[in-house]
Chemist: 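Please see the structure below; I have some questions.
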Amino acid sequence: MTVDESTGFHQAKYREPILFEMGAPGRVGITLPKLPAGIVKDKDENDKSFQDLIPDNLRCTQPPELPELSAPEVVRHYTRLSQMSYGVDTNTYPLGSCTMKYTPKLCMELSSLPGITELHPNQPAETVQGALKIMYDLQNILAEIGGVRAVTLQPSAGAQGEYTGMLITRAYHEFNGGSDEVRDQVILPDTAHGTNPASAVMAGYNIVEIPSENGCVDLEALENALSERTAAFMLTNPNTLGIFEDDVLKIAEMVHDAGALLYYDGANLNAIMGWVRPGDMGYDIVHFNLHKTFSTPHGGGGPGSGPIGVSQKLEKFLPVPVVAQDEKTKNYYLDYDLPNSIGKVKGFYGNFNVLVKAYIYLRLMGGEGLRDIAEIATLNSNYMKEKLKGVYELPYKDLRKHEFVLSGSMFKDKGVRTLDIAKRLMDYGLHAPTIYFPLIVDEALMIEPTENESKAELDRYIEVLLKIAEEDPEVLHSAPHNTSVGRIDEIYAAKNLLLSWRMYKAKCSVDGKPTR
Ligand SMILES: *Cc1c(COP(=O)(O)O)cnc(C)c1O
């Protein structure tokens, strides 16, 4: 299929080689600065460079096999790649559950200052008081937003926060229950994100899944599932359908009466921050996805951050070190002295640069700003939902928070699947929503516009979705046509990963160079 001009979008298409196939021996992109005088002895002053600091016994005998490129070659390569890809800086990106919102450039700029990026994690605490203050203040701000007693910044993603939370759950029950108590089950609703069961299983638990009732936790099913074997119930609120769990206080009471803990998956915090706090809803453990709610670009698998907050009874199990402040001297320090700690879950102190971006964002927005964000995100989502629900089906309750889930099941009659709709959106220069999740909605489209989009952008997205609903199934089956890469074989791609130069070279030696 050729380019479809009617969509008003056309992505760049280059036959771009990979870096290892570019350049030539001897080309260089940077010149290392000269060393200050007196650092390297026995060498002519003019010959000295930073390489001379590397002791002979640590040098390779053969130079490593690296591409040799000039600076413009590298700049052009990445610029071309960026023109062939898509991001929040290009267009609307309403990927439900992921909160793909804009990261203010100021956060990027300030977190790139040398005082931040040139720190070494092994520096003595007295030389990094500013960095520790940022972490200490961020812990406190997150504790306030979450309504929890204490926060650890260590986990590097929501999923790792869940895992850490489950380790704390285990430590808590072992501490209190003695050796005969067997709490080996974690309960989840059938709307849960896949990382929830995965994290609980990694921490050694068995999963008990309960069905939903009209899109929310079925209290009777929960009551039946709870027992002296329950360690925790994991629940996001609003849930992954975008519906606020009105019975959350009752749920917390039921879970606590069974002696279990209530875990808050914080991926949907953008909808409620500043209005209600998970701690006040009765949650014992809360994770925060800083890369979703508090502005770090994500989507390409780059560094994230998933701090968790806990209630008072769980504080002593937090990972070490905790960033603390000395009451007398007011100096900040790293506290390793927690006898009941579950230990470390991540090297050093977490993904520091992501923490800095979140801290700047929180200070920029302030409390009122966070409330506005939640309000506008919810308004945008409900506006889109109202405009689309006649053409696409809206299962379950009507009022949604920051995201809503539609079903494309009515298009199956004409042979069109949600996947086709998602691919076709790309022809219009719009990122697809999350599809086929949550699993309980047939042919699901999960749309989260975030607070960033103007009414004009929302209207355009709505208009395109309505137009696609009328389009010829043939056009949809072969979409996308206007992107740098057409419809890919996703199963083949997932099963044949080429993640490194070595893997790529091995593949080429067997099958020859790929055609594109
Ligand atoms: C994104 C997400 C997670 C996992 O968070 P990561 O930071 O991607 O590890 C968990 N639950 C829900 C509902 C999510 O959307």
Side-chain angles (χ1 to χ4, degrees), residues 88 93-101 103 142 146 152-167 186-203 207 209 212 215-217 232-245 248 262-273 278 283 285-309 345-346 350-351 354-355 357-358 377 381 400-405 432-441 444-450:
V88 269
Y93 207 132
L95 196 63
S97 212
C98 294
T99 314
M100 298 295 292
K101 62 197 222 176
T103 300
L142 293 177
T152 172
L153 302 173
Q154 256 182 58
S156 57
Q160 207 195 4
E162 294 163 16
Y163 175 67
T164 308
M166 290 297 105
L167 293 184
V186 167
I187 306 175
L188 298 166
D190 56 6
T191 47
H193 190 263
T195 52
N196 292 183
S199 306
V201 167
M202 279 182 70
I207 303 303
E209 187 182 283
S212 302
C216 287
V217 172
F233 180 46
M234 298 175 88
L235 179 68
T236 179
N237 195 16
N239 64 30
T240 58
L241 293 164
I243 302 173
F244 191 84
E245 298 273 356
V248 67
L262 186 59
Y263 182 94
Y264 184 76
D265 172 339
N268 294 339
L269 190 66
N270 211 51
I272 57 164
M273 58 184 178
Y283 284 93
I285 311 176
V286 175
H287 87 232
F288 305 85
N289 303 66
L290 297 190
H291 46 282
K292 292 181 182 175
T293 321
F294 302 119
S295 110
T296 271
H298 69 292
S305 180
I308 62 168
V345 295
K346 169 99 176 83
N351 277 329
V354 181
L355 304 179
K357 279 195 276 272
S381 153
R400 298 300 159 105
K401 293 292 177 199
H402 65 307
E403 66 191 9
F404 60 101
V405 180
T434 297
I435 55 174
Y436 300 109
F437 178 72
L439 304 176
I440 61 169
V441 174
L445 291 137
M446 184 192 215
I447 304 178
E448 178 180 3
T450 82

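All values below come from the heavy atoms of this structure, side chains included, with hydrogens, waters and symmetry mates left out. The residues of the chain are indexed from 1 along the displayed sequence. Ligands are counted one by one from 1 in listed order, and the atoms in each one are counted from 1 as well. This structure is a prediction, so every number in the text was calculated from the model and none was measured.
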Chemist: Say whether A159, considering both its backbone and side-chain N or O atoms, lies within less than 3.5 Å of an N or O atom on ligand 1.
Modeler: yes
Chemist: Using a distance-only test with no angle check, is there a side-chain donor-acceptor pair under 3.5 angstrom linking S156 and N351?
Modeler: no
Chemist: Can you tell which of E403, E448, K292 gets a heavy atom nearest to atom 1 (C) of ligand 1?
Modeler: K292
Chemist: Give yes if a backbone or side-chain nitrogen or oxygen of D265 is under 3.5 Å from a nitrogen or oxygen of ligand 1, and no if not.
Modeler: yes
Chemist: Contact between Q160 and ligand 1, counting heavy atoms under 4.0 Å?
Modeler: no
Chemist: Could an N or O of ligand 1 be found under 3.5 Å from any N or O of N268, whether backbone or side chain?
Modeler: no
Chemist: Would you tell me which option among S97, P238, C98 has the nearest heavy-atom contact to atom 15 (O) of ligand 1?
Modeler: S97
Chemist: Which is it for T236 and ligand 1 at heavy atoms under 4.0 Å: side chain, backbone, both or neither?
Modeler: neither
Chemist: Taking all non-hydrogen atoms of both residues, which atom of A267 and which atom of D265 are closest, and how far apart?
Modeler: N-OD1, 3.0 Å
Chemist: Considering non-hydrogen atoms of the protein only, which is the closest contact for atom 4 (C) of ligand 1, and what is the distance?
Modeler: T195 OG1, 3.7 Å
Chemist: What I'd like to find out is whether the side chain of N270 reaches to under 4.5 Å of the side chain of K292, using heavy atoms alone.
Modeler: no
Chemist: Does the N or O separation between T240 and ligand 1 drop below 3.5 Å for any pair?
Modeler: no
Chemist: Nearest heavy-atom pair of P433 and M446: which atoms, and what distance?
Modeler: CB-O, 3.3 Å
Chemist: Which ligand 1 atoms, with their elements, are less than 4.0 angstrom from a heavy-atom of A267?
Modeler: 2 (C), 11 (N), 12 (C), 13 (C), 14 (C), 15 (O)
Chemist: Could you check whether the rings of Y263 and H287 sit parallel, tilted or perpendicular, using 30° and 60° as the cut-offs?
Modeler: tilted
Chemist: For A159, does its backbone N or O pair with a side-chain atom of T195 as donor and acceptor, under 3.5 Å?
Modeler: no
Chemist: Is there a donor in the side chain of E448 and an acceptor in the side chain of T99, or the other way round, less than 3.5 Å apart?
Modeler: yes
Chemist: Give me the residue, atom name and distance of the protein heavy atom closest to atom 5 (O) of ligand 1.
Modeler: N289 ND2, 2.9 Å
Chemist: What is the closest protein heavy atom to atom 6 (P) of ligand 1, and at what distance does it sit?
Modeler: G158 N, 3.5 Å
Chemist: Going by the order shown, which atoms of ligand 1 are within less than 4.0 Å of some heavy atom of E162?
Modeler: 10 (C)
Chemist: Whether the N237 and E245 side chains hold a donor-acceptor pair (N or O, under 3.5 Å, no angle test) is what I'd like checked.
Modeler: no
